[in-house]
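Taking it in order: structure first as structure tokens, then the write-up.
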Amino acid sequence: MLHLLAFPATRRDLLVLMLQCLAEGDEVVLLDEGLQWLADERALQPIRAKGTRLHALAGPSEHLWVAESDYQELIAISERHPASSSWYP
């Protein structure tokens with residue numbers, strides 16, 4: 001499943017809910033306010049620990065395990081997953 005994480009880093013309650021829904025093989029794309037999570041590597045570790053691939057819809061990330069993606073890559077990711085979930089506040 002594709003998860004679009006677009007809520008700000010202040011919404012740890014939503015992060016907890018999203019983590020409960022993640023499964024191995026899922027992909028998470030950080031976009032909009034969700035890009036704030038890149039500043040908190042510890043908070044992103046549970047996503048990585050679940051075997052989930054993480055993408056940032058923005059410029060390069062300082063985290064080597066976060067794939068830099070653009071809108072064309074987002075389309076390709078969405079085509080790989082028959083279902084998606086949008087995590088907005």
Side-chain angles (χ1 to χ4, degrees):
M1 176 177 272
L2 168 62
H3 299 268
L4 302 173
L5 192 163
F7 53 85
T10 56
R11 294 297 308 268
R12 294 197 180 263
D13 58 322
L14 289 177
L15 182 64
V16 169
L17 290 174
M18 189 188 78
L19 288 171
Q20 293 172 359
C21 295
L22 288 180
E24 187 174 341
D26 286 357
E27 295 186 69
V28 175
V29 177
L30 303 172
L31 66 154
D32 299 334
E33 290 185 88
L35 292 167
Q36 295 173 13
W37 289 98
L38 290 173
D40 189 353
E41 183 174 354
R42 285 186 346 186
L44 295 176
Q45 288 300 327
I47 294 173
R48 187 175 182 204
K50 289 202 174 237
T52 302
R53 188 157 182 219
L54 191 60
H55 305 267
L57 193 62
S61 168
E62 62 189 52
H63 310 297
L64 297 177
W65 46 273
V66 177
E68 176 187 348
S69 299
D70 58 18
Y71 285 103
Q72 192 163 2
E73 177 65 18
L74 178 59
I75 292 168
I77 296 167
S78 66
E79 289 174 343
R80 288 195 296 263
H81 297 278
S84 65
S85 181
S86 297
W87 295 88
Y88 281 85

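Linking ILVMFWY side-chain heavy atoms closer than 4.5 Å, directly or via other members, places V29 and Y71 in a single hydrophobic cluster.
Taken from CG in L19 to CG in L44, the straight-line distance is 9.5 Å, to the nearest 0.5 Å. Atom CG in L4 sits 6.0 Å away from atom CG in L74 (nearest 0.5 Å). L54 CG to L5 CG: the interatomic distance, rounded to the nearest 0.5 Å, is 8.0 Å. Interatomic distance, CG of L17 versus CZ of F7, reported as 8.5 Å (0.5 Å rounding). The structure places CE of M18 at 12.0 Å from CG of D13, a figure rounded to the nearest 0.5 Å.
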Exercise. Yes or no on side-chain contact (heavy atoms from CB on, under 4.5 Å) for E73 and I77, after CA distance, side-chain angles and deciding distance?
Worked result: CA-CA 6 Å; E73 177 65 18; I77 296 167; 3.7 Å; yes

Problem set entry | Worked check of side-chain contact (heavy atoms from CB on, under 4.5 Å) between D26 and I47 | CA-CA 10 Å; D26 286 357; I47 294 173; over 6 Å; no

Exercise. Hey, mind stepping through R12 and D40 against side-chain contact (heavy atoms from CB on, under 4.5 Å) and telling me if it holds?
Worked result: CA-CA 11 Å; R12 294 197 180 263; D40 189 353; 2.4 Å; yes

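For H81 and E27, the side-chain atoms include at least one donor-acceptor pair closer than 3.5 Å.
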What donor-acceptor contacts under 3.5 angstrom involve side-chain atoms of residues 82-89, with partners at least two apart or in another chain?
unit_1: S85; atom_1: OG; unit_2: W87; atom_2: NE1; d: 3.3
unit_1: W87; atom_1: NE1; unit_2: H3; atom_2: ND1; d: 3.2
unit_1: Y88; atom_1: OH; unit_2: D32; atom_2: OD2; d: 3.1

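The two atoms that bring L15 and A43 nearest to each other are CD2-O, 3.8 Å, heavy atoms only. Of all heavy-atom pairs between A9 and Q36, the closest is N-OE1, 3.1 Å. In plain terms, the two heavy atoms of L35 and L30 that are nearest each other are CD2-O, 3.4 Å.
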